[in-house]
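Order of the sequence lines sets the chain letters (A, B, ...), proteins ahead of strands, with each chain counted from 1.
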Amino acid sequence: MAAPLSTTISIDPSTRTRFTIVTPLTFTHRNFSIHCTASESIPQTPPTSTTSNTKNKKNNNKNSSLFDQLSPLANTTLSNTTSKDQSYVLSKPKSTWVNPTKQKRSVLSQQRHKRVPYSYSPQLRDFKLFAQKLNDSGDSEAEFLACLGEIPHELTRENALLILNSLKTWQKTLLFFNWIRTQNSLPMETIFYNVTMKALRFGRQFGKIEELAHQMIDEGTQPDNITYSTIITCAKKCNLFDKAVQWFERMYKTGLMPDEVTYSAILDVYAKLGKVEEVINLYEKARATGWKPDNITFSVLGKMFGEAGDYDGIRYVLQEMKSIGVQANLVVYNTLLEAMGKAGKPGFARSLFEEMIDLGISPDEKTLTALIKIYGKARWSRDALELWDRMKENRWPMDFFLYNTLLNMCADVGLVEEAETLFRDMKQSEHRKPDSWSYTAMLNIYGSEGNVDKAMKLFEEMSKSGVELNIMGCTCLIQCLGKAMEFDGVVRVFNVAVERGVKLDDRLCGCLLSVVSLSHGSKHEENILACLQQANPKLVAFIQLIVDEETSFETIKEEFKNIMSSAAVEVRRPFCNCLIDICRNKELQERAHELLYLGTLYGLYPSLHNKTANEWRLDVRSLSVGAAETALEEWMWTLTKIVRREGTLPELFLAQTGSGTHKFAQGLNISFASYLRKLDAPFRQSEEKVGSFIATRKDLVSWVQSKFPSGAIAT
DNA sequence: ATAGGGTTAG
């Protein structure tokens, strides 16, 4: 989803750490400031979910939200915490009571529903057989009802429940439920509704569940915690989060207190809505009344913080577990591992895994999938291979997800042969035939490696064996063919994708855009542009605009903003990089500088410049070759200006291109080095750090002075 | 699935 692109200050309360400060930045053609460390902001998270409660606040209490209802409780149970408190994690002291003897009002019931075992029925065997017969009956209502005529004995409460629980489709459960109702021989207890609702939930029939709920309310059968938690989790399963919240609030309004099951279910609903503050609020309110959360709650919290990439949140969960004395189980470890990965902490994931092994908890497929994925994304090939060996050694469980994750990991760290072996094994296996994910991983590997022949062979193989080509496989292929300058192949693959109805996304457009820049000067440029025209006509129109020297900067700025606003966040920088390359190919250097300026202005290059008193650093690691050259030129112009007016300069200048730790990474450092030579700039390749270029102030100043006659420098 | 809550691949 595209986040809005904005030129105003944006402080999104849901992202606690992300503030963007706009400082005035003057811009004149040809005279670019490189001090663009501040940026106009593009919010990274769509501002969607944070305001839903304020909407309800104005309504009367008939429709008031849960938080309004709970706020009097909050005032009495929580001290010195405001809901706007940004530092809820770790720094907040545990709640302190003003009056510890005063009874705190509860937000949840500590008592769970007691399970009543079924009483013995002498007709159990007969009814089990009868249930079997009903399951085997035809699916039509008539057949089912005919079968019901053969009921062996009069229906008791226990036997009715037995049958309700034994029917295998929700349709039959519902028919049987309605039949009991019409028989009128048994009082309709809550448990009948609950069992039926559970069957409906299995079939994701939220509408039917709601009908039943209204029906029971109408006839005066009280819904209990089991009813509500079933309704809420069904809504959740059907992605009807508003409905889940609605039913939870309804429950409060009827005066029924949720127990811990319902409570953790609703915590999960708010977590899935991304309402982190609300979840913490509810969690702490319940904690304050003495509730002892269990592993399920911690799994919900861990998942939520993982989705938010919030490392502090994950630490908060670990700390809470420790202080409450709850030992994590396998599910919690799996969730927290996954969360550590999302928060970008592979090292902590590794220690968490070792901690779990030391405790004697055996990893399952999900554990290993999470960890292999993390090592792959972090490019920790040694850890990934070590873990892979341990998996084989210990015969830890493997499944299809794990196989495909291993393939993806191989793609991430550049293990071509290992991937080929695994892929071959999968083909030879009975139950783990490669699917579209597996093929995509292999296409990714061959694509990154630039192995056109093997990639195309896989492509043909997929068509033959009927494995669907998905958007990512398609993008990998196009990228691979483009880099190999096989533009006819690009067009062919693109057309196949369109024919098969692959939905074209922004990444594919970015890929095509890079092919456009590569095809410059060849007879194929028009054909590639025609593909892009189909995928994203606005982008093609923008290219036409930027390559026309007559277009004013104001127009470029406006259209740039439009293009980037509607593009997915992750493709904005690649788009800008490619557009700069296209301009430089056509020797439209000035336009290239304008685009780099705009990219910087809109925060697409947030860490391009780093300055300390001793060192100025240009970090071009996320730039394309053309964009990196443009950035270097701009840097040098600024230095020239500063030298001219005899401003202060640091001792050291450093340009970083990255060493290309990725096995497949194409050498930006090589092209950057040759451009430095072309400019005859006094940067030297650092000996200890590959991909770093260093220059001293002395050398740079004399270089600047030699480029400009001394008279020109005097002011 | 045996009346209710949590975790796996771009």
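Among the atoms of the strands shown, base atoms are found under 4.0 Å from some heavy atom of T262(A). Residue-level contact check: L167(A) touches the bases, meaning some heavy atom is under 4.0 Å from a base atom. Here D364(A) lies out of heavy-atom contact (under 4.0 Å) with every strand. As judged by a 4.0 angstrom heavy-atom cut-off over every strand, R112(A) is placed among the base-contacting residues. Contact annotation for T440(A): base contact, defined as any heavy-atom pair under 4.0 Å involving a base atom. Residue-level contact check: D268(A) touches the backbone only, with heavy atoms under 4.0 Å from sugar-phosphate atoms and none from bases. Looking at heavy-atom distances under 4.0 Å, T335(A) makes contact with sugar-phosphate atoms alone, never a base.
Open room surrounds NE2 on H431(A); 12 or fewer heavy atoms of other groups in view lie less than 6.0 Å from it. The 12-atom threshold is not exceeded at NZ of K322(A), counting heavy atoms of other residues, nucleotides or ligands nearer than 6.0 Å. Annotation for K503(A): atom NZ does not count as buried by contact number, only 12 or fewer foreign heavy atoms lying within 6.0 Å.
A straight line from NZ of K168(A) to P of dT2(B) spans 11 Å, rounded to a whole angstrom. If you measure from atom CG of L337(A) to atom C1' of dA9(B), you get 15 Å, rounded to the nearest angstrom. Taking atom OH of residue Y283(A) and atom C1' of nucleotide dG5(B), one finds them 16 Å apart after rounding to whole Å. Computed from coordinates, the L406(A) CG to dG10(B) P distance equals 12 Å when rounded to whole Å. Atom CD1 of I209(A) and atom C1' of dA3(B) are 12 Å apart (whole Å). M442(A) has its CE atom 21 Å from the P atom of dA9(B), to the nearest Å. When rounded to the nearest whole Å, the span between NZ of K377(A) and P of dT8(B) equals 16 Å. In this structure, L443(A) places its CG atom 16 Å from P of dG10(B), rounding to the nearest Å.
At a cut-off of 3.5 angstrom, the base of dG6(B) holds no donor-acceptor pair with the side chain of D294(A). One N or O donor and one acceptor, one from the side chain of N470(A) and one from the base of dG10(B), sit under 3.5 Å apart. With hydrogens and angles left out, the side chain of D505(A) and the base of dG10(B) share no donor-acceptor pair within 3.5 Å.
Using the six-membered ring where Trp is involved, H153(A) and F127(A) have ring planes that are tilted, between 30° and 60° apart. Classified by interplanar angle (parallel below 30°, tilted 30° to 60°, perpendicular above 60°), the ring pair W247(A)/H214(A) is tilted.
Comparing atom distances between the T369(A) side chain and each of dG5(B), dT7(B), dA9(B) picks out dA9(B) as nearest. Taking the side chain of N404(A) as heavy atoms from C-beta on, and the options dT7(B), dA9(B), dA3(B), the nearest nucleotide is dA9(B). Here dG6(B) is the nucleotide among dG6(B), dA3(B), dT8(B) with the atom lying nearest to any side-chain atom of S299(A). Comparing atom distances between the R201(A) side chain and each of dG10(B), dA3(B), dG5(B) picks out dG5(B) as nearest. Distance from the side chain of K366(A) is smallest for dT8(B) among the nucleotides dA9(B), dT8(B), dA3(B). Out of dG5(B), dG10(B), dG6(B), the shortest distance to the side chain of N329(A) is found at dG6(B). In the set dG10(B), dA9(B), dG5(B), the nucleotide with an atom closest to the side chain of T297(A) is dG5(B).
If you check the side chains of Q222(A) and Y193(A), you find no donor sitting under 3.5 Å from an acceptor.
With centroids closer than 5.5 Å and planes inclined by less than 30 degrees as the test, W437(A) and the base of dA9(B) pass as a stacked pair. The ring of F298(A) does not lie on top of the base of dG6(B); it is either too far (5.5 Å or more) or too tilted (30° or more).
Using a cutoff of 4.0 Å between basic side-chain nitrogens and carboxylate oxygens, K454(A) and E461(A) are not scored as salt-bridged.
Annotation: ring pair (Phe, Tyr, Trp, His ring centres under 6.0 Å) contacts of F400(A) (sequence neighbours excluded): none.
Only the C1' atoms considered, dA3(B) is 24 Å distant from dT7(B), to the nearest whole Å. The same atom, C1', is picked in dA9(B) and in dG5(B); the two are 25 Å apart, to the nearest Å. Taking atom C1' on both nucleotides, dG10(B) is separated from dG6(B) by 25 Å, rounded to a whole Å.
Residue R432(A) places no side-chain N or O under 4.0 Å from the OP1 or OP2 atom of dA9(B). Look at K236(A) and you'll find a side-chain N or O under 4.0 angstrom from OP1 or OP2 of dG6(B). Side-chain nitrogen and oxygen atoms of N165(A) include at least one within less than 4.0 Å of the OP1 or OP2 phosphate oxygen of dA3(B). Residue K373(A) places at least one side-chain N or O closer than 4.0 Å to OP1 or OP2 of dG10(B). Checking the phosphate oxygens (OP1, OP2) of dG6(B), no side-chain nitrogen or oxygen of K272(A) falls inside 4.0 Å.
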